[in-house]
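One structure is given below, encoded as structure tokens.
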Amino acid sequence: MNQKILYVRLPCNPIFPIGVVYLSDHIHKLFPEVEQKICDLGTVAPLDFNSAIDTCIDEFQPTLLVFSWRDIQIYAPVGGRGGNPLQNAFEFYYASNPLIRLRGALGGFKVATAYYGELWRNEGLIKRGLKRARKYYPEARAVVGGGAVSVFYEQLQKQLPKGTIVSVGEGEALLEKLLKGEDFSGERCYIAGETKPRERLIHEWPTPIEKSACNYDYIGSIWSDFDYYLQENDFYIGVQTKRGCPHNCCYCVYTVVEGKQVRINPADEVVEEMRQLYDRGIRNFWFTDAQFIPAKRFIPDVVELLQKILDSGMKDIHWASYIRADNLTPQLCDLMAKTGMNYFEIGITSGSQELVRKMRMGYNLRTVLQNCRDLKAAGFNDLVSVNYSFNVIDETYETIRQTIAYHRELESIFGEDKVEPAIFFIGLQPHTHLEEYALQNDILKPGYDPMSLMPWTAKKLLWNPEPLGSFFGKVCLQAWKQNPHDFGREVMRILEEKLGRAPLEEALTAPIESTKKELSAV
Ligand code: B12
Ligand code: SF4
């Protein structure tokens with residue numbers, strides 16, 4: 001019998017569901033006879049999730065359910081999901097005023113309820129969908145994948161219905177084998193209740209796939225809500241230009257989810273894909289790569305892509321991405337400005353070269369500054385978000401002073417209003433060097449649950465260890481009180497007021513010494 005695949009993007013903020021779009025496009029190119037449909041619960045109101053999935057299944061009667069689960073983890077300095085999780089956690093852990101602590105506890109409870117509620121709801125939707133599909137086709141199967149599953153695949157094995165295939169990383173090769181009826185046990189997956197995830201499954205290399213331009217005419221034909229993302233002008237539609245990141249940053253799991261080998265999608269295909277979206281009215285693109293310019297050796301590929309975008313005549317577009325700003329050249333800066341980059345995020349994490357080295361990030365902060373000057377000279381005049389995660393490892397008052405010096409230099413290059421300090425605290429993730437470090441240093445116990453939001457675990461997973469933990473906690477609380485709408489800048493101001501600023505040269509110089517605590521020794 002002919003396979004019928006229903007892709008269910010589980011509830012999520014309405015970020016363009018590029019994962020299921022690419023999967024269904026890939027399958028269509030290989031198996032044009034297979035019927036497919038996309039059901040995006042990201043565009044559905046919460047009260048209608050059950051009825052929306054029921055209707056999709058009743059109408060389509062799938063033989064295979066592909067559930068895509070994008071995000072689970074919520075530690076971010078932004079509102080959403082029942083409140084600002086970072087603020088609630090910090091109020092609960094660090095406030096000296098008992099009333100504020102109580103407010104934090106209540107807020108934390110609200111966030112935790114929303115968090116567990118979402119987990120159970122998504123698990124419920126998977127069970128419900130499978131049960132309903134089996135009414136029509138008793139052999140119907142469920143496969144679950146996506147960003148959240150890639151990070152938490154080990155924890156999810158007990159929660160999913162027996163027989164569900166749980167996939168890590170890219171799903172193209174797995175779905176292909178499933179449809180061909182081939183043995184898929186060699187893919188990055190396991191079967192809930194039947195097989196166990198292999199040791200270090202996430203470290204296995206993804207199967208390289210030659211990516212061609214997504215066929216949006218076809219996608220429009222299997223996805224009735226596609227228009228939802230075309231109507232609003234402020235959506236940044238995802239386009240992937242490459243996969244993989246060769247770096248080793250201590251807290252990052254992208255490098256294992258996508259693998260260290262960078263695979264470039266042909267520039268002509270990327271431009272062709274953008275052109276199809278452009279012709280449908282899209283002007284904002286997010287290059288969803290782990291890093292748009294992962295290393296110097298990929299600069300020529302990015303130059304080729306941007307030059308082709310420029311030559312294509314799509315002149316009124318904007319794009320954004322994660323950018324390693326140590327890998328820019330004046331030519332690249334020029335192309336970035338000319339092709340409409342109007343926002344980028346640099347995750348330097350700290351403005352202290354010493355700490356950047358200890359976190360294994362491979363950044364040269366001096367080069368980043370020089371490249372930012374080139375970018376400004378090339379005409380870039382938009383917003384830069386600089387991600388700082390304080391207190392990852394070996395932070396001292398001195399390294400904080402250095403970060404302030406560095407940040408002020410970025411402001412002097414782009415303008416204070418253009419540099420947005422995004423203050424994160426690392427949400428510790430499984431399979432990272434930081435997790436290994438926490439286990440080796442008795443901060444976490446083996447067998448801990450990385451998905452737990454119980455206050456005693458969450459305090460360790462929301463990485464802000466003593467001796468500086470309480471200091472940062474109090475600074476953040478003060479910033480939320482004084483200027484909640486400009487939290488990042490306020491944190492920087494308070495830190496500078498309290499600790500002063502180091503000479504810039506100090507920030508840019510890292511003494512070469514190896515301490516026992518250094519992560520590169522883990
Ligand atoms: C780009 C990106 C963003 C951009 C998105 C821009 C845009 N307009 O699309 C921005 C910066 C906005 C963003 C924001 C956030 N993000 Co983000 N983001 C990413 C990133 C780097 C790439 C995602 C992507 O689009 N990849 C390209 C597409 C094609 O891949 P994909 O969707 O993963 O789909 C592939 C596979 O997953 C798989 N697959 C997908 N579904 C299924 C289903 C089945 C059955 C199978 C077999 C396979 C499969 O096959 C697909 C094709 O190969 C990932 C990390 C990473 N390297 O994957 C994090 C990631 C998805 N983000 C994450 C998070 C948490 C967030 C935030 C919630 C952060 C926060 N706390 O604020 C926010 C908010 C998002 C929201 N929902 O509101 C997490 C989610 C997991 C988690 N920890 O819970 C990730 C995995 C990062 C991480 N390691 O923590 N993000
Ligand atoms: S450069 Fe970015 S994507 Fe790559 S390992 Fe570091 S943090 Fe992760």
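Please read these numbers as outputs of a predicted model, since none were measured by experiment. Every number for a ligand or one of its atoms is a count from 1 in the order of the listing.
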*Of the non-hydrogen atoms in H431 and V256, which two are nearest, and what is the gap between them?*
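Looking at all heavy atoms of both residues, the shortest contact is O-CG2, 4.2 Å.
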For [X], the ligand 1 atoms whose distance to one of its heavy atoms is below 4.0 Å:
| X | result |
| --- | --- |
| C12 | 77 (N) |
| Q240 | 27 (C), 29 (C) |
| A148 | 81 (C) |
| I72 | 82 (C), 84 (O) |
| V253 | 89 (N) |
| V151 | 89 (N) |
| V66 | 43 (C), 44 (C), 45 (C) |
| N13 | 76 (C), 77 (N), 78 (O) |

Counting only heavy atoms, which portion of [X] has something under 4.0 Å from ligand 1: side chain, backbone, both, or neither?
| X | answer |
| --- | --- |
| F16 | neither |
| E170 | both |
| V144 | backbone |

[X]/[Y] ion pair, N-O < 4.0 Å:
| X | Y | value |
| --- | --- | --- |
| R134 | E139 | no |
| E172 | R243 | yes |
| R200 | E204 | no |
| E273 | K211 | yes |

For the residue pair [Y] / [X], report whether a side-chain donor-acceptor contact shorter than 3.5 Å exists.
| X | Y | answer |
| --- | --- | --- |
| T255 | K260 | yes |
| H433 | R360 | yes |
| S321 | W286 | no |
| Q3 | T63 | yes |
| D316 | Y278 | yes |
| N265 | T241 | no |

Got an N/O contact under 3.5 Å between [X] and ligand 1?
| X | value |
| --- | --- |
| E258 | yes |
| E172 | yes |
| L175 | no |
| G238 | no |
| R70 | yes |
| Q429 | yes |
| Y22 | no |
| D71 | yes |

*Would you please test Y388 and T349 for side chain to side chain contact (heavy atoms under 4.5 Å, CB included) and show each step?*
CA-CA 4 Å; Y388 294 113; T349 306; over 6 Å; no
*State which residue, out of Y22, Y228, Y229, fulfils the ring pair (Phe, Tyr, Trp, His ring centres under 6.0 Å) condition with F16.*
Y229
*Please say whether the positively charged group of R280, taken as NZ for Lys or CZ for Arg, lies over the ring of Y216, i.e. under 6.0 angstrom from the six-membered ring centre and within 45 degrees of the axis.*
no
*Ring-face cation contact, F60 with K4, 6.0 Å cut, 45° max*: yes
_Test ring-ring contact (aromatic ring centres under 6.0 Å, His included) on Y363 and H247; report intermediate values, then the result._
CA-CA 10 Å; Y363 262 114; H247 293 282; 7.5 Å; no
Which residue and non-hydrogen atom of the protein lie closest to [atom], and at what distance in Å?
| atom | value |
| --- | --- |
| atom 6 (Fe) of ligand 2 | C249 SG, 2.3 Å |
| atom 2 (Fe) of ligand 2 | Q291 NE2, 2.8 Å |
| atom 1 (S) of ligand 2 | R324 NH1, 3.4 Å |

*Relative to the heavy atoms of C252, which atoms of ligand 2 are at a distance of less than 4.0 Å?*
3 (S), 5 (S), 7 (S), 8 (Fe)
Can [X] be said to touch ligand 1, with heavy atoms closer than 4.0 Å?
| X | result |
| --- | --- |
| R243 | yes |
| P17 | no |
| I15 | yes |
| W69 | no |
| S150 | no |

_Trace of the ring-ring contact (aromatic ring centres under 6.0 Å, His included) decision for F292 with W319_ = CA-CA 11 Å; F292 187 55; W319 62 269; 5.0 Å; yes
*Given V21, L174, T288, which has its nearest heavy atom closest to atom 22 (C) of ligand 1?*
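Among V21, L174, T288, the closest heavy atom to atom 22 (C) of ligand 1 comes from T288.
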*Would you indicate which of G145, G19, G169, A173 comes nearest to atom 36 (C) of ligand 1 when only heavy atoms are counted?*
G169
*So which of S24, C39, P17 actually passes side-chain contact (heavy atoms from CB on, under 4.5 Å) with W223?*
P17
*Would one find an N, O or S atom of C245, in either backbone or side chain, under 2.8 Å from atom 4 (Fe) of ligand 2?*
yes
